[in-house]
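The block underneath contains the structure these notes are about, expressed in structure tokens.
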Amino acid sequence: MKFKNKSEVLAAMGVKYKEMEACETQEEFDAKSAEFAELEAALKRFEALEAAEKAYAAAAAPVEAKEAGAEGAIAKDEPEAGYEADVKAFAAAARKNFSEGVPADGGYTVPEAISTKINKLRDAKFSLRRLVSVRKVKTSSGEDTYQKRGAGAGFSSISEGGKIPKIAGPKFFRLPWKVEKYGGFMFATNELLSDTDANIVGTVTEWFAENARVTDNLIVLATLREKYTRTEDPESYEEIEGLDDLKRILNVKLGQTFAPTSAIVTNDDGLQWLDTLKDKEGRTLIKENENDPLKRYISVGFRKVPLEVVPNSDLPTDATKGVPVIVGDLKEGCQLIDRNALSIKASDTAAIGTGDDAVNAYSEDLTVWRGLERLDCRLKDDAAYYMGHIKPETAAAAGTGSTGTGENKG
């Protein structure tokens, strides 16, 4: 039997299957099975023809399109994909003051590929963002539920036939958040706007990335300091005079709940002081991670504690209090909420600032760009970290070897 298409074969297979079900003898069943096998072979032929037709069409399309182009045919323009297309779109929008397709109450949304570039540039320099917990959100506010880290209550002794008492379960807490706008201005000259697409985008991404990185550091530090600046029951900063004080924070204050996942965070001045601390053999306590030479740890007694160094410009030394040090698990202590929505607005008539700092975009032939990002930062568990200072007189002794309790006897 000849079939015109695959549908006819499938219909015949359905009929043949019912005939096989109705067979009463093995001989009848074997005969119908052979006929069904022939139908299967016919089906495979149609499927092979379909596959060959698709393969031919895919191979022939580029050739036909090229030939059509050579004959003067105009092909339909298709949007470029990826970063290059976003660069062109962003630069074109910049030259039009980001005025097209922008909501009345918002700004031009930075394309995803360029946002990714900004994030990579931001993370190329040190940012406290990578030490804390980061949650990406798509709404302006919300609440998250977390389990508080700590020891359980344990089981009770039960006599034979006694009643099993109820014990406390895991402790959970709610963490509300609400993103806020963070932003600033930059000035674009008309010379920049007449430059190449790549230079326009490069200027914006570098400006956005550096300011986003600094903003992250500022709001994370402000959040961590809430433990010490709150009006109700504030804690006191730790005074650090030697290695034994770091041991006390790790072993006693953080304990086994947080110490195993803790790190020591300080600035360039703190690194200098820590680098003068020696073991009983006179060797520095700071070592490179064997698996990642870019990472360091410091031996604090029996512990090898990761060491993170923040530039002095981002975490400055206080002339009165001393060199800042943070010890703990910051991913448990702090959460950064990122709506991941960068936007930009422009004006060539705006006047901003006052007095000597005043700038009039119209009279000075400038375009003012206002960039916005949306973030929030919240304390998760203030028992997960401690902040303190290396006393000024202690830090001043760095490099002389006179660190008092600096020897590591562990």
Side-chain angles (χ1 to χ4, degrees), residues 80-95 97-98 106-138 179-189 191-223 263 265 267-268 292-296 308-316 330-331 334-346 366-377:
E80 293 183 59
Y83 182 71
E84 293 78 8
D86 282 349
V87 166
K88 287 187 177 182
F90 184 89
R95 295 187 181 101
N97 278 355
F98 301 106
Y108 176 88
T109 300
V110 177
E112 183 178 355
I114 295 177
S115 292
T116 301
K117 180 78 171 179
I118 290 171
N119 292 340
K120 286 181 178 179
L121 284 173
R122 176 198 64 203
D123 298 338
K125 294 183 180 180
F126 184 88
S127 173
L128 288 170
R129 168 185 285 258
R130 64 183 176 85
L131 300 184
V132 302
S133 173
V134 178
R135 171 142 151 67
K136 300 289 181 69
V137 299
K138 295 183 178 180
V179 297
E180 297 179 4
K181 293 179 183 178
Y182 290 84
F185 296 99
M186 75 168 286
F187 302 104
T189 63
E191 287 77 12
L192 173 63
L193 294 176
S194 63
D195 206 338
T196 64
D197 294 351
N199 284 347
I200 292 175
V201 172
T203 299
V204 174
T205 54
E206 289 176 8
W207 172 74
F208 239 129
E210 177 60 15
N211 284 280
R213 183 189 71 84
V214 174
T215 302
D216 286 348
N217 289 342
L218 290 174
I219 64 176
V220 167
L221 286 172
T223 301
V265 183
N267 64 6
D268 297 319
D292 187 348
L294 296 178
K295 293 184 178 180
R296 290 165 287 201
E308 301 286 350
V309 181
V310 185
N312 278 0
S313 56
D314 293 322
L315 184 61
L330 295 187
K331 288 191 182 295
C334 179
Q335 183 175 67
L336 183 67
I337 307 295
D338 186 353
R339 192 170 177 185
N340 200 29
L342 305 179
S343 63
I344 192 166
K345 230 178 180 182
L366 295 171
T367 298
V368 179
W369 286 348
R370 183 204 67 189
L372 291 178
E373 61 177 346
R374 292 160 176 80
L375 303 166
D376 190 20
C377 199

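Numbers here are sequence positions counted from 1. Small disclaimer: the values here were computed from a predicted structure and weren't measured.
- In plain terms, the two heavy atoms of Pro311 and Phe126 that are nearest each other are CD-CB, 4.0 Å.
- Between Asp376 and Arg135 there is no salt bridge, since no side-chain nitrogen of the basic residue lies less than 4.0 Å from a carboxylate oxygen of the acidic one.
- For the pair Asp268 (side chain) and Asn312 (backbone), a donor-acceptor distance under 3.5 Å is present.
- In this structure, Asn119 and Asn340 have side chains that are in contact, with non-hydrogen atoms separated by less than 4.5 Å.
- When atom types are taken as modelled, the side chain of Lys181 and the backbone of Arg374 share no donor-acceptor pair closer than 3.5 angstrom.
- When all heavy atoms are compared, the tightest approach of Cys334 to Thr223 is SG-CG2, 4.1 Å.
- The shortest side-chain heavy-atom distance between Arg122 and Asp216 falls under the 4.5 Å cut-off.
- Going from atom CZ of Arg339 over to atom NZ of Lys136 covers 14.0 Å, rounded to the nearest 0.5 Å.
- How far OG1 of Thr205 is from CZ of Phe90: 8.5 Å, rounded to the nearest 0.5 Å.
- Thr367 has its side chain out of reach of Phe187: every pair of non-hydrogen atoms, C-beta onward, lies at least 4.5 Å apart.
- For the atom pair Leu372 CG and Lys345 NZ, the distance stands at 9.0 Å (nearest 0.5 Å).
- Taking CG of Leu121 as the reference point, atom CD of Glu206 lies at 6.5 Å (rounded to 0.5 Å).
- When the ring pair (Phe, Tyr, Trp, His ring centres under 6.0 Å) test is applied to Tyr182, no partner is found at least two apart in sequence or on another chain.
- The two residues Ala198 and Val87 come nearest to each other via the heavy atoms N-CG1, 4.2 Å.
- Remark: side-chain polar atoms of Asn267 are paired, donor with acceptor, to backbone N or O of Leu315 under 3.5 angstrom.
- With rounding to the nearest 0.5 Å, the separation of CD1 in Ile200 from OG in Ser194 is 8.0 Å.
- At a threshold of 4.5 Å between non-hydrogen side-chain atoms, the residues Arg213 and Asp314 count as touching.
- Minimum interatomic distance between Ile344 and Val204 (heavy atoms only, all atoms of both residues): CD1-CG1, 4.3 Å.
- Within a 6.0 Å radius of CD in Glu210, more than 12 heavy atoms belonging to other residues, nucleotides or ligands are found.
- Put simply, the side chain of Arg129 reaches to within 4.5 Å of the side chain of Leu375, judged on heavy atoms.
- With a 4.5 Å cut-off on side-chain heavy atoms, Glu373 and Asn211 do not count as touching.
- Among the candidates Leu131, Leu128, Leu330, Thr215, the single residue satisfying the side chain to side chain contact (heavy atoms under 4.5 Å, CB included) test with Val220 is Leu128.
- Residues Ala113 and Asp86 approach most closely at CB-OD2, 3.0 Å, considering heavy atoms.
- Nearest heavy-atom pair across Ala346 and Trp369 is CB-CD1, 3.3 Å.
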